[in-house]
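The block underneath contains the structure these notes are about, expressed in structure tokens.
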Amino acid sequence: MTDNNYANQCIICNVTSCKNHHNSKNYCSLEAIRVGTHETDPTVEQCTDCQSFVPNNSTF
């Protein structure tokens, strides 16, 4: 379970629709995240993804 009162100041995040987003600051509440890609050969930042993303409304 994520403690959304914990702000990992090493992971800046402004995706407020993520379950792991801090309650009131633009930080992730996880200790670490997984970054991946949906492309075979990524060349720009839009090709990368935060694979730790969980929608706020998710029950997982």
Side-chain angles (χ1 to χ4, degrees):
M1 175 172 258
T2 301
D3 175 7
N4 289 48
N5 291 313
Y6 169 69
N8 185 338
Q9 295 184 12
C10 293
I11 306 174
I12 299 168
C13 178
N14 61 2
V15 182
T16 58
S17 61
C18 181
K19 193 175 207 173
N20 299 315
H21 189 268
H22 183 272
N23 287 331
S24 61
K25 300 175 183 175
N26 281 334
Y27 293 106
C28 184
S29 61
L30 296 175
E31 293 209 14
I33 62 168
R34 179 179 300 273
V35 177
T37 183
H38 56 273
E39 301 286 335
T40 305
D41 184 23
T43 57
V44 294
E45 68 182 63
Q46 290 86 351
C47 297
T48 60
D49 306 295
C50 177
Q51 294 179 334
S52 299
F53 173 80
V54 178
N56 268 336
N57 60 359
S58 176
T59 57
F60 298 107

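Heads up: numbering here begins at 1 and tracks the sequence. Just so it is clear, the model here is predicted, and its values are computed rather than measured.
- Put simply, the side chain of Asn4 gets close to the backbone of His21: a donor and an acceptor are under 3.5 Å apart.
- Membership of the apolar cluster around Phe53 extends to Val15, as traced through chained side-chain contacts below 4.5 Å between ILVMFWY residues.
- Of the possible donor and acceptor atoms, none in the side chain of Asn26 sits under 3.5 Å from a partner among the backbone N and O of Asn14.
- Taking all atoms of both residues into account, the shortest heavy-atom contact from Gln46 to His38 is O-CE1, 3.2 Å.
- Taking Ile33 as the reference, Ile11, Cys28, Leu30, Val35, Cys50, Ser52 meet the side chain to side chain contact (heavy atoms under 4.5 Å, CB included) condition, with sequence neighbours excluded.
- The closest side-chain heavy-atom distance from Lys19 to Asn56 is below 4.5 Å.
- Asp49 contributes no side-chain N or O that, together with a main-chain N or O of Gln51, makes up a donor-acceptor pair within less than 3.5 Å.
- Within the 3.5 Å criterion, the main-chain N or O of His22 finds no donor-acceptor partner in the side chain of Ser29.
- Under the rule for a side-chain hydrogen bond (donor to acceptor under 3.5 Å, both in side chains), Asp41 has no partner lying at least two apart in sequence or in another chain.
- Counted within 6.0 Å of CD on Glu31, heavy atoms from surrounding residues, nucleotides or ligands total 12 or fewer; the atom is thus considered open.
- Residues Asn8 and Tyr27 approach most closely at O-CD2, 3.4 Å, considering heavy atoms.
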